[in-house]
Amino acid sequence: MRNNFLLFFISLSFSFTSYSQVKKVNWTDMADVKFERTYLEDYAYYFLIPEFGETIKSIEGKQLEIKGYVLDLVEGGTTFLLSQHPMATCFFCGMAGPETIIELQFETKQTLKTDQIITVQGILALNKSDINHCNYILTDVVIIK
């Protein structure tokens, strides 16, 4: 009985430890990247290829939390980005850089609206080679607020 009680508390403490490992980041943290304009022959076009800094590399593969504006790119709730700025001044429409957007990959369909402010948690993936996706990708995304 005593061993079961001890095992219960050990597993409970691991649960709290993993919960507390969510790293709260802001858009300044996400700016730890430099871009090199590179010509890709397959596309016959120049693209900005990222070179991620040590701060951003240190949170790759980890659960993080960040707040931003929703960009609903495809009707039907299938493709969303989180942006540092509202649509009128985002990376696509304004003068911001690619470090100001994060691709959100949800497990289920969402009903979000452009410029809605949300806080999300997810696992950070860094993308430097697939131009069909953003440089920052959050997988297993959950909306917190």
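Through side-chain heavy atoms spaced under 4.5 Å, either directly or across other Ile, Leu, Val, Met, Phe, Trp or Tyr residues, I117 is tied to Y69.
Taking CG of N26 as the start and CG of L64 as the end, the distance is 11.0 Å to the nearest 0.5 Å. H133 contributes atom NE2, which lies 9.5 Å from atom OG1 of T79 (distance to the nearest 0.5 angstrom). A distance of 4.0 Å separates CG of L81 from CG of L73, quoted to the nearest 0.5 Å. With values rounded to the nearest 0.5 angstrom, F80 atom CZ is found 8.5 Å from I118 atom CD1. With rounding to the nearest 0.5 Å, the separation of CD in E99 from OG1 in T28 is 10.5 Å.
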Query - Step-by-step side chain to side chain contact (heavy atoms under 4.5 Å, CB included) determination, Q63 to Q21 - result: CA-CA 7 Å; Q63 179 130 15; Q21 290 181 351; over 6 Å; no

Report task. Decide yes or no on side chain to side chain contact (heavy atoms under 4.5 Å, CB included) for K23 and K62, but give the supporting numbers first. Result -> CA-CA 8 Å; K23 171 84 172 152; K62 296 187 175 151; 5.8 Å; no

Requested in this report: Applying side chain to side chain contact (heavy atoms under 4.5 Å, CB included), run through L104 and Q110 and close with a yes or a no.
Outcome: CA-CA 11 Å; L104 301 178; Q110 300 296 311; over 6 Å; no

Compile the donor-acceptor pairs under 3.5 Å between side chains in residues 135-142 and protein atoms, sequence neighbours left out, one pair per line.
unit_1, atom_1, unit_2, atom_2, d
N135, ND2, N127, O, 3.2
Y136, OH, M30, O, 2.6
T139, OG1, I123, O, 3.4

Side-chain donor-acceptor distances from residues 35-43 under 3.5 Å, at least two apart:
unit_1, atom_1, unit_2, atom_2, d
T38, OG1, E36, O, 3.1

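A salt bridge between K57 and E60 is absent, with no side-chain N of the basic residue lying under 4.0 Å from a carboxylate O of the acidic one.
Minimum heavy-atom separation, C134 to E103: N-OE1, 3.0 Å. Listed here is the closest heavy atom pair of F47 and I131: CZ-CD1, 3.4 Å. Between L82 and K67, the shortest heavy-atom contact is CD2-C, 4.2 Å. The two residues F52 and V33 come nearest to each other via the heavy atoms CD2-CG2, 3.7 Å. Across all non-hydrogen atoms, the minimal contact from P86 to D115 is CA-OD1, 3.3 Å. V22 approaches E65 most closely through the heavy-atom pair CG1-CB, 3.8 Å.
When side chains are defined from C-beta on, I59 does not count as touching D29, because their heavy atoms never get closer than 4.5 Å.
The hydrophobic cluster containing I49 does not contain I56, counting ILVMFWY residues as joined when their side-chain heavy atoms lie under 4.5 angstrom apart, directly or transitively.
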